[in-house]
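Below: one structure, written as structure tokens.
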Amino acid sequence: VVYKSLHTVPSADDVGAIEMSEVIEDMESTSSFREDNEKKVIFEPNLKIISYDSADSLALPIEDIKNLGTNVDIRDCNGDMDKILDVMSTLKFFIVTIVLIFAGTLSIFPALVSEIWECGSGNSAAFTAILFLLFNIFDAVGRGLSAFAQDLTLGLLYTIAILAVLKWTIIPLLATSNIRGIQIGTPSCHDFYPVSLICILGMTNGFCASCCMMHWSKVLKDPRNENIGATLMIFSITIGLITGSLLSYVVVQVVVFGI
């Protein structure tokens, strides 16, 4: 049990042999105890009151805690999981979208992108570096464009969702580019093709991810749940990065080695 109050709560050592009922009566007799202080009691399995503001603690049985008065807020800690699930349900669009965005990006970049060769000179380290640079430049451009999407509208949500799904089509499109020089000397070999796809990949990644992280807090019913929401959003980014990294091994094996 956790107790929060600006009132000084006597520690268990200070109580000594004093009867618990006398301590409660003394606390209730303090005028500032009920009127001026913020009080919060949370039930936990150990059934103890712990001051948030100091290390002082006072062991009280449940029946005595209830006698502190109706102005004491009592809630069950088991409700915390329900609150997390409720926030997760509210943010499910943003959570799923973030996972799709980063998983789709990491499954292509940088593993598959590093296997694309320049059509003219074959395996060129400079060309690979240019592709990496273009991705980061257009990722920054996409993040900058999100500044023009300050209002959370239904149209913006549809745009983010469509882009997050369509970016997965870049995988088969890049698979038809000059992977390890297989198209060198053929009429279909054009450097502009993979370059344009990488630019689209970077821009959609930056725009969609920034919009999701900008607007998720606006759909929360209770602003006090923002800490839970922030944790869930960061966790969704982590899941997306891990999923995309694992998928990149599969994509490279299928596209490059034909397994």
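The structure displayed is predicted, hence computed values, not measured ones. Numbering of residues begins at 1 and proceeds along the displayed sequence.
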The residue among Leu133, Leu134, Thr128 that forms side-chain contact (heavy atoms from CB on, under 4.5 Å) with Ile130 is Leu134

Side-chain donor/acceptor of Tyr249 to backbone N/O of Ala111, under 3.5 Å
no

Spacing of SG belonging to Cys212 relative to CE belonging to Met233, to within rounding of 0.5 Å:
6.0 Å

Write down the atom of Ile108, the atom of Lys167, and the distance for their closest heavy-atom approach.
CD1-O, 4.4 Å

All N/O donor-acceptor pairs, side-chain side in residues 94-104, below 3.5 Å, sequence neighbours left out:
residue: Thr97; atom: OG1; partner: Phe93; partner atom: O; Å: 2.6

Nearest 0.5 Å, please: how far is OG1 in Thr204 from CG in Leu163?
6.5 Å

So, taking the atom named CG in Asp191 and the one named CG in Leu131, what distance separates them when rounded to the nearest 0.5 Å?
8.5 Å

Compare all side-chain heavy atoms of Leu201 with those of Thr105 and state whether any distance is below 4.5 angstrom.
yes

Are any non-hydrogen side-chain atoms of Leu145 and Met203 less than 4.5 angstrom apart?
yes

With a 3.5 Å distance limit and no angle check, can you tell me whether Thr238 reaches the backbone of Ile234 through a side-chain donor-acceptor pair?
yes

Would a single hydrophobic cluster contain both Ile200 and Ile198, if residues Ile, Leu, Val, Met, Phe, Trp and Tyr are joined by side-chain heavy-atom contacts under 4.5 Å?
yes

CG/Asp139 to SG/Cys199 distance, rounded to the nearest 0.5 angstrom?
11.5 Å

For residues Leu152 and Leu157, determine if any side-chain heavy atom of one lies less than 4.5 Å from a side-chain heavy atom of the other.
yes

For the hydrophobic clusters of this structure (ILVMFWY residues joined by side-chain heavy atoms under 4.5 Å, transitively), does one cluster hold both Val219 and Ile237?
yes

What heavy-atom pair brings Phe127 and Pro194 nearest, and what distance separates the two atoms?
CZ-CG, 4.5 Å

Between Ile162 and Leu197, is there a shared hydrophobic cluster once you connect ILVMFWY residues whose side-chain heavy atoms come closer than 4.5 Å?
no

Report yes or no: does Thr159 contribute a side-chain atom to a donor-acceptor pair with the main-chain N or O of Gly155 at less than 3.5 Å?
yes

Taking the side chain as every heavy atom from C-beta outward, state whether His215 and Asp151 have any pair of such atoms under 4.5 Å apart.
no

Lys221 NZ: over 12 foreign heavy atoms closer than 6.0 Å
no

Is the shortest side-chain heavy-atom distance between Ser107 and Ile171 below 4.5 Å?
yes

side-chain contact (heavy atoms from CB on, under 4.5 Å) with Leu91: which of Asp86, Ile228, Leu220?
Leu220

Any residue meeting side chain to side chain contact (heavy atoms under 4.5 Å, CB included) with Ser146, in chain and number order, not counting sequence neighbours
Phe207, Ser210, Cys211, Met214

side-chain contact (heavy atoms from CB on, under 4.5 Å) between Leu173 and Tyr193, intermediate numbers included:
CA-CA 9 Å; Leu173 293 176; Tyr193 178 65; 3.6 Å; yes

Closest non-hydrogen atom pair, Gln150 against Lys218
O-NZ, 2.7 Å

Flag the pair Val255 / Glu115 as yes when at least one side-chain heavy-atom distance between them is below 4.5 Å, and no otherwise.
no

Drop me the distance from Met88's CE to Asn225's CG, to the nearest 0.5 angstrom.
12.5 Å

Beyond-backbone contact of Ile116 with Leu174, side-chain heavy atoms, under 4.5 angstrom:
yes

Side-chain donor or acceptor of Asn178 paired with backbone N/O of Trp117 under 3.5 Å:
yes

Apply side-chain contact (heavy atoms from CB on, under 4.5 Å) to Asp222 and Lys83, showing your working.
CA-CA 11 Å; Asp222 189 349; Lys83 180 183 291 187; 5.9 Å; no

Non-hydrogen atoms of Leu112 and Val251 that approach each other most closely:
CD2-CG1, 3.9 Å

Which word best sums up how the rings of Phe109 and Phe132 line up, parallel for under 30°, tilted for 30 to 60°, or perpendicular for over 60°?
tilted

Can Ile242 be reached from Leu232 by stepping across I, L, V, M, F, W or Y side chains whose heavy atoms are under 4.5 Å apart?
no

Check: Ser89 main-chain N/O paired with Lys92 side-chain donor or acceptor under 3.5 Å
yes

Could you measure the distance from the SG atom of Cys119 to the CZ atom of Phe192? Nearest 0.5 Å is fine.
13.0 Å

